[in-house]
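Structure first, then comments.
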Amino acid sequence: MPKFKAPRGTYDVLPDTASHWSRVETAFAEISELYGYGEIRTPMFEETDLFVRSSGETSEVVNKQMYTFLDKGERSMTLKPEGTAPVLRAVLEGGLLNQQGQVVRVWYKTPIFRYERPQKGRCRQAHQVGMELIGSSSPNADAEIIEMTVRFYQALGIKQLGVLVNSIGRAQARRAYADAILNHMASWLKDQDQEGRARAEKNPLRLLDSKDPSIQDLLSGAPVVTDYLEPESREHYDAVLKRLNEADIEFEEAPRIVRGLDYYTDTVFEVEGRMLGAQSALCGGGRYDKLIQELGGSPTPAVGAAMGIERALIAMEAEDLLPDVDRLDVFVVALGDQAIQIGNRIVDRLRKEGVSCQQDIEGKGMKNQMKQAGRSSARWTLILGEDEIAAESVTIKNMDTGDQQTVPQADLVSRLKS
RNA sequence: GCGGAUAUAGCUCAGGGGUAGAGCGCCUGGUUGUGGUCCAGGAGGUCGUGGGUUCAAAGCCCAUUAUCCGCCCCA
């Protein structure tokens, strides 16, 4: 029994699944580059206040879920619970927005830390990729971000997903709408315990995506946020929808979509996996025009999204999209000292040609070496024994079909490449 | 944070107050030049952890930890 275990809510990515991770990460990096986004990397922890300011003092994340600690200088630090605020901080600090009218496009890949009760698709150290488009209030920006997320999931091959788009307007509309919801739910609210009531009153919009069937029933006749939008917000929202239609992005309008972090304005969206159980959100994003100001920058509109890597992997697993184990090209079976020497030279030569190779290092016999070859899932096994040495040849065995033929060592590379 | 379930071999699991089980995997041999098939043999477990009850606990009781499902939250 090992003495240590990975801390609660964390886990290791072992070699058999690491390639799945890099596949997701690579897909996102490629999409980002295609849209002209530059990578940005920020520290794992920040001043606690950055997250309090950005996510909102009343948010669940800030209240209950942050990994906060005092460093040796008695400064309150927090492991980043989300990616956006640190990116904006870095963009401001790095002077990327110092020229007026500049539009900045960045993408990132990062772990995030939230103290939560672990569940499938919900860990204390989770991983996200995301992008931010900073400096544009155009609906085209919102549409670009949504389009990118869709392209990302398409690149991974995930089919069963829903793209849910909504607008929650500006502060005024939201306040008016929140009142309307509370009003609508007044009779239900009376019957709730104190905590439930406090939660509902703190953020009435949250009621909208509750999974409680009794709440959902009551909400069926409830007012819709889009009826409360200010004229500019309405216009913006319509333009986003129009742009998405033009780009042939499949989506649905979902008035129940709100976001958990306080900084969103106008457009919010979510990509939902239909195979994910309770943790169904694959991606969340939206516009946050007030946030940069909140962080001390000049007023700057922006829009962005974050995608959970774990959840993408769960979705891919459910749709059987995860690639097989990485195959080795060649395993060299060599029998006897001389053959081993020649085998080493061949392995070296093949690796220089970009052919992945392995050979026995334990001095085992034929049978065992063949077994290793099988286990390595090599495409070909090269056999070097007395006969081959004498003839300066090598036997190539195709491990899938079992066919084998003996060819001159000089022809090896061209044989393998054909 | 709340509710429910689970924890036995590397993996998937069965069992059950009195000597620890299966399938798969692993090792060895049949085959000192052929893996994935077959046959034979073998290794591997303080039954999650800590206490308690008992002549006896892996089983019963209590606590604890981890995982899974739902709520909550969200990626």
Side-chain angles (χ1 to χ4, degrees), chain A residues 1-11 16 24 55 59-65 80-84 109-130 149 193 195-196 198-200 202-203 206-207 209-215 257-261 270-273 276-285 305-315 331 333-336 339 360 364-389 395-404 406:
Chain A
M1 263 316 104
K3 194 168 177 178
F4 296 107
K5 289 195 269 194
R8 177 161 211 213
T10 69
Y11 55 89
D16 59 336
V24 171
S55 298
S59 69
E60 184 94 358
V61 168
V62 168
N63 270 312
K64 300 184 180 167
Q65 301 185 332
K80 58 173 145 175
E82 57 106 21
T84 298
K109 167 180 85 182
T110 184
I112 58 165
F113 304 87
R114 292 183 198 171
Y115 194 85
E116 298 201 73
R117 178 137 169 191
Q119 242 180 71
K120 191 173 187 182
R122 186 216 258 177
C123 298
R124 290 183 176 180
Q125 177 177 340
H127 300 80
Q128 292 185 342
V129 290
T149 67
D193 61 21
E195 200 196 325
R199 193 159 55 215
K202 200 172 69 190
N203 195 345
R206 289 243 62 92
L207 290 172
D209 61 1
S210 167
K211 281 162 195 153
D212 183 335
S214 68
I215 296 181
I257 291 297
V258 294
R259 309 256 68 236
L261 305 172
E270 201 165 285
V271 178
E272 190 179 65
L276 259 56
Q279 316 301 328
S280 62
L282 283 171
C283 160
M307 283 134 268
I309 297 179
E310 284 86 350
R311 292 188 188 178
L313 288 169
I314 293 169
F331 192 96
V333 169
L335 302 162
D360 172 64
K364 299 281 189 180
M366 178 83 181
K367 189 184 171 78
N368 187 288
Q369 291 195 43
M370 284 306 297
K371 204 163 198 169
Q372 293 179 54
R375 210 163 6 224
S376 73
S377 71
R379 287 171 222 278
W380 296 287
T381 295
L382 305 186
I383 299 165
L384 286 166
E386 285 174 26
D387 300 349
E388 285 85 355
I389 300 301
T395 298
I396 304 177
K397 175 164 182 162
N398 181 318
M399 294 300 275
D400 294 328
T401 63
D403 297 341
Q404 64 183 51
T406 303

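Computation of the quantities below employed the complete heavy-atom set of this structure, encompassing side-chain atoms and omitting hydrogens, waters and symmetry-equivalent molecules.
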- Message: If we count only N and O atoms by modelled type, under 3.5 Å, do the side chains of A:Thr406 and A:Glu388 hold a donor and an acceptor together?
- Response: no

- Separation between the C1' atoms of B:A56 and B:U19, rounded to whole Å: 13 Å

- Task: Grab the CE-C1' distance between A:Met366 and B:U31 for me, whole Å please.
- Result: 11 Å

- Item | Distance between C1' atoms of B:A14 and B:G45 (Å, rounded) | 15 Å

- Task: Give one of base, sugar-phosphate or nothing for A:Gly402, where a contact means two heavy atoms less than 4.0 Å apart.
- Result: base

- Tell me, do A:Glu82 and A:Arg114 make a side-chain contact under 4.5 Å, heavy atoms counted? yes

- Task: Confirm from the modelled atom types if A:Glu116 and B:A75 form a donor-acceptor pair under 3.5 Å, side chain to base only.
- Result: yes

- Query: Roughly how many Å is it from CZ in A:Arg114 to C1' in B:C73, rounded to a whole number?
  - Reply: 9 Å

- Message: Considering every strand and a 4.0 Å limit on heavy-atom distances, what is the contact class for A:Ala126: base, sugar-phosphate, or nothing?
- Response: base

- Query: Does A:Lys64 have any salt bridge (Lys or Arg N to Asp or Glu O under 4.0 Å) partners at least two apart in sequence or in another chain, and if so, which?
  - Reply: A:Glu60

- Message: Applying a 4.0 Å non-hydrogen cut-off, can you work out what A:Gly336 is touching in the nucleic acid: base, sugar-phosphate, or nothing?
- Response: nothing

- Message: Tell me if the side-chain of A:Gln404 makes a donor-acceptor pair with the base of B:U34, cut-off 3.5 Å, by modelled atom types.
- Response: yes

- Picking from B:C73, B:G33, B:U28, which would you name as closest to the side chain of A:Asn368? B:U28

- Item | Paired and unpaired positions of RNA chain B as dot-bracket, Watson-Crick or G-U wobble under 3.5 Å, | denoting a partner strand | (((((((..((((....[..)))).(((((.......))))).....(((((..]....))))))))))))....

- Message: Tell me whether the side-chain N or O atoms of A:Glu388 pair up with the base of B:G33 as donor and acceptor below 3.5 Å, since no angle test is needed here.
- Response: yes

- Item | Spacing of the P atoms in B:A7 and B:U49 (rounded, Å) | 13 Å

- Task: Take the protein atom CE of A:Met370 and the nucleotide atom P of B:C27, then report the distance between them rounded to whole Å.
- Result: 15 Å

- Message: Contact list please: residues 376-386 of chain A against RNA chain B, heavy atoms, distance less than 4.0 Å, in numerical order.
- Response: A:Ile383, A:Gly385, A:Glu386

- Pairwise P distance for B:U34 and B:G29, with rounding to whole Å: 13 Å

- Give, for atom NZ of A:Lys397 and atom CD1 of A:Ile383, the distance between the pair rounded to the nearest 0.5 Å. 6.5 Å

- Message: As a test of understanding, state which of A:Gln404, A:Met370, A:Gln369 forms a side-chain contact (heavy atoms from CB on, under 4.5 Å) with A:Thr381.
- Response: A:Met370

- Item | A:Lys397 side-chain proximity, nearest of B:C74, B:U34, B:U28 | B:U34

- Message: Go nucleotide by nucleotide along RNA chain B from the 5' end; which of A:Ser210 and A:Gly308 gets its closest nucleotide reached first?
- Response: A:Ser210

- Check whether any side-chain N or O of A:Arg124 sits under 3.5 Å from a backbone N or O of A:Thr10 as a donor-acceptor pair, and report yes or no. no

- Message: Applying a 4.0 Å non-hydrogen cut-off, can you work out what A:Arg375 is touching in the nucleic acid: base, sugar-phosphate, or nothing?
- Response: sugar-phosphate

- Task: Output, in order, the C-alpha distance, side-chain angles, deciding distance and verdict of side chain to side chain contact (heavy atoms under 4.5 Å, CB included) for A:Arg122 and A:Arg117.
- Result: CA-CA 8 Å; A:Arg122 186 216 258 177; A:Arg117 178 137 169 191; 3.8 Å; yes

- Message: Can you see if the side chain of A:Arg117 gets near the phosphate of B:C71 - specifically, an N or O under 4.0 Å from OP1 or OP2?
- Response: no

- Query: Whole-Å distance between B:C73 P and A:Ile257 CD1?
  - Reply: 13 Å

- Message: If you assign each of A:Val271 and A:Tyr115 to its closest nucleotide in RNA chain B, which residue comes earlier from the 5' end?
- Response: A:Tyr115

- Note on the structure: Contacts of A:Glu386 meeting side chain to side chain contact (heavy atoms under 4.5 Å, CB included) (sequence neighbours excluded), chain-then-number -> none

- Message: Let's test your reading of the model: under 3.5 Å, does the base of B:C74 pair with the side chain of A:Arg311 as donor and acceptor?
- Response: yes

- Message: Rounded to whole Å, please give me the gap between CZ in A:Arg8 and C1' in B:G1.
- Response: 11 Å

- Interatomic spacing from CD1 in A:Ile314 to CD1 in A:Ile309 - rounded to 0.5 Å: 12.0 Å

- Inter-nucleotide C1' distance (B:G17, B:C13), Å rounded: 23 Å

- Message: Nearest whole Å is fine: how far is B:C69 C1' from A:Arg122 CZ?
- Response: 12 Å

- Whole-Å gap separating P (B:G4) and CD (A:Gln119): 15 Å

- Task: Please state the P separation for the pair B:A57 and B:A40 - nearest whole angstrom.
- Result: 39 Å

- Nearest 0.5 Å, what's the CE-NE2 distance between A:Met307 and A:His127? 15.5 Å

- Message: Please report the distance, rounded to the nearest Å, between NZ in A:Lys371 and C1' in B:C27.
- Response: 8 Å

- Query: What pairs with A:Asp387 under side chain to side chain contact (heavy atoms under 4.5 Å, CB included), at least two apart in sequence or on another chain?
  - Reply: none

- Closest to the side chain of A:Lys367, out of B:U28, B:G30, B:G33, is B:G30

- Query: In chain order, what residues pass the salt bridge (Lys or Arg N to Asp or Glu O under 4.0 Å) check against A:Glu270, with sequence neighbours excluded?
  - Reply: A:Arg259

- Message: With rounding to the closest Å, how many angstrom separate the C1' atoms on B:C60 and B:U28?
- Response: 43 Å

- Item | Whole-angstrom distance between B:C2 and B:G44, as gauged at atom C1' | 42 Å

